Amino acid sequence: MAAIDLKAHNAAAAEKVLLEGVRLSNRSTDSLMSLASFYQLVGQVARSAEIYQELLKRDPKNVLVRTRLGWLYARAGDKASAEKTFRELADLAPQDRKAVLALATYYVNIGDWQNAINELQRLIKKKSDSATQNMLADVYYFSGHRAEALKLTEQLIADNNQDTRARMRRGLLLLQSRSEERR
């Protein structure tokens, strides 16, 4: 019903349905997540953040809630809160690859290449793996650091000749350099 009301541009009716769902479910996590998403959709960032904070008080280790809160801050333009939330997420779930890469992913999404590079280099110093190295090489490539991208790509291929991501990037880099040589 809430989706139908929202589609009909009746946010007040949609909110009423969601609030009733929250009440009937005794403030279940799912109902609160839906309400927080609704508030985010209608631009009520503070209300959405309050609900996510309530959920984190209940379950401080909830990766999904913390991830959504981080992206809420990001969409709202609150860089400091987004960075803090994504940094905490990595500490909270060190075995969860997405959680560990959340801060770097955030930087990539906002085009903050230098911070993305710094974060990925920091992660690689802690624990080097080919997926994180490939992400760093991609960031080097997209940020215009072609020499660093090629060097890391060549290293990845030397370590694993079957690394298709690195091989494709290498091909792009070589095509690009040949194209630039012809100019």
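Bear in mind that the values here come from a model prediction, so they are computed numbers and not experimental data.
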Looking at [Y] and [X], is any side-chain nitrogen of the basic one under 4.0 Å from a carboxylate oxygen of the acidic one?
X: E50; Y: R47; answer: no
X: E83; Y: R87; answer: no
X: E54; Y: R58; answer: yes

- [ ] Mind checking salt bridge (charged side-chain N to carboxylate O under 4.0 Å, His left out) for R165 and listing every partner two or more places apart, or none if nothing turns up?
- [x]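 Counting only residues at least two positions away or on another chain, R165 forms a salt bridge (charged side-chain N to carboxylate O under 4.0 Å, His left out) with D138.
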
Report the distance from atom [atom1] of [X] to atom [atom2] of [Y], rounding to the nearest 0.5 Å.
X: R169; Y: Q176; atom1: CZ; atom2: CD; value: 13.0 Å
X: K127; Y: I124; atom1: NZ; atom2: CD1; value: 12.0 Å
X: D163; Y: I157; atom1: CG; atom2: CD1; value: 7.0 Å
X: D78; Y: K84; atom1: CG; atom2: NZ; value: 10.5 Å
X: S81; Y: Y73; atom1: OG; atom2: OH; value: 5.0 Å
X: L89; Y: Y106; atom1: CG; atom2: OH; value: 14.0 Å

Is there a path of hydrophobic side-chain contacts, each under 4.5 Å between heavy atoms of I, L, V, M, F, W or Y residues, that connects [X] with [Y]?
X: V42; Y: L19; result: yes
X: I110; Y: L136; result: no
X: L172; Y: F142; result: yes

Within a strict 4.5 Å, meaning less than it, do heavy atoms of the [X] and [Y] side chains meet?
X: T105; Y: M135; answer: yes
X: S37; Y: Y52; answer: yes
X: V100; Y: Q95; answer: no
X: S25; Y: D30; answer: no
X: I117; Y: E148; answer: no
X: V108; Y: W113; answer: yes
X: Q133; Y: S128; answer: yes
X: L101; Y: L120; answer: yes

Task: Verdict with reasoning, N115 to E119, per side chain to side chain donor-acceptor pair (under 3.5 Å) - done: CA-CA 6 Å; N115 275 328; E119 177 63 11; over 6 Å; no

How far apart are the closest heavy atoms of [X] and [Y], and which atoms are they?
X: V139; Y: A116; result: CG1-CB, 4.1 Å
X: L152; Y: A137; result: CD2-N, 3.7 Å
X: T132; Y: L123; result: CG2-CB, 4.3 Å
X: L174; Y: S177; result: O-OG, 2.9 Å

TODO: Measure from the ring center of W71 to the ring center of F86 and say whether it is less than 6.0 Å.
DONE: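 Judged by ring-centre distance (under 6.0 Å), W71 and F86 do meet the cut-off.
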
Backbone N/O of [Y] and side chain of [X]: donor-acceptor pair under 3.5 Å:
X: R66; Y: P60; answer: yes
X: T85; Y: G70; answer: no
X: S31; Y: R27; answer: no

- [ ] May I have the step-by-step check of side-chain contact (heavy atoms from CB on, under 4.5 Å) for K98 and V63, ending in yes or no?
- [x] CA-CA 10 Å; K98 285 184 179 181; V63 171; over 6 Å; no

Open item on the list: Could you go through Y140 and R146, starting from their C-alpha distance and side-chain angles, then the distance that decides it, and tell me whether this counts as side-chain contact (heavy atoms from CB on, under 4.5 Å)?
Closed with: CA-CA 6 Å; Y140 281 148; R146 302 291 196 265; over 6 Å; no

TODO: Going by the side-chain contact (heavy atoms from CB on, under 4.5 Å) test, name the single residue among V65, L35, L69 that passes it with I51.
DONE: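 For I51, the side-chain contact (heavy atoms from CB on, under 4.5 Å) test succeeds with only one of V65, L35, L69, which is L35.
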
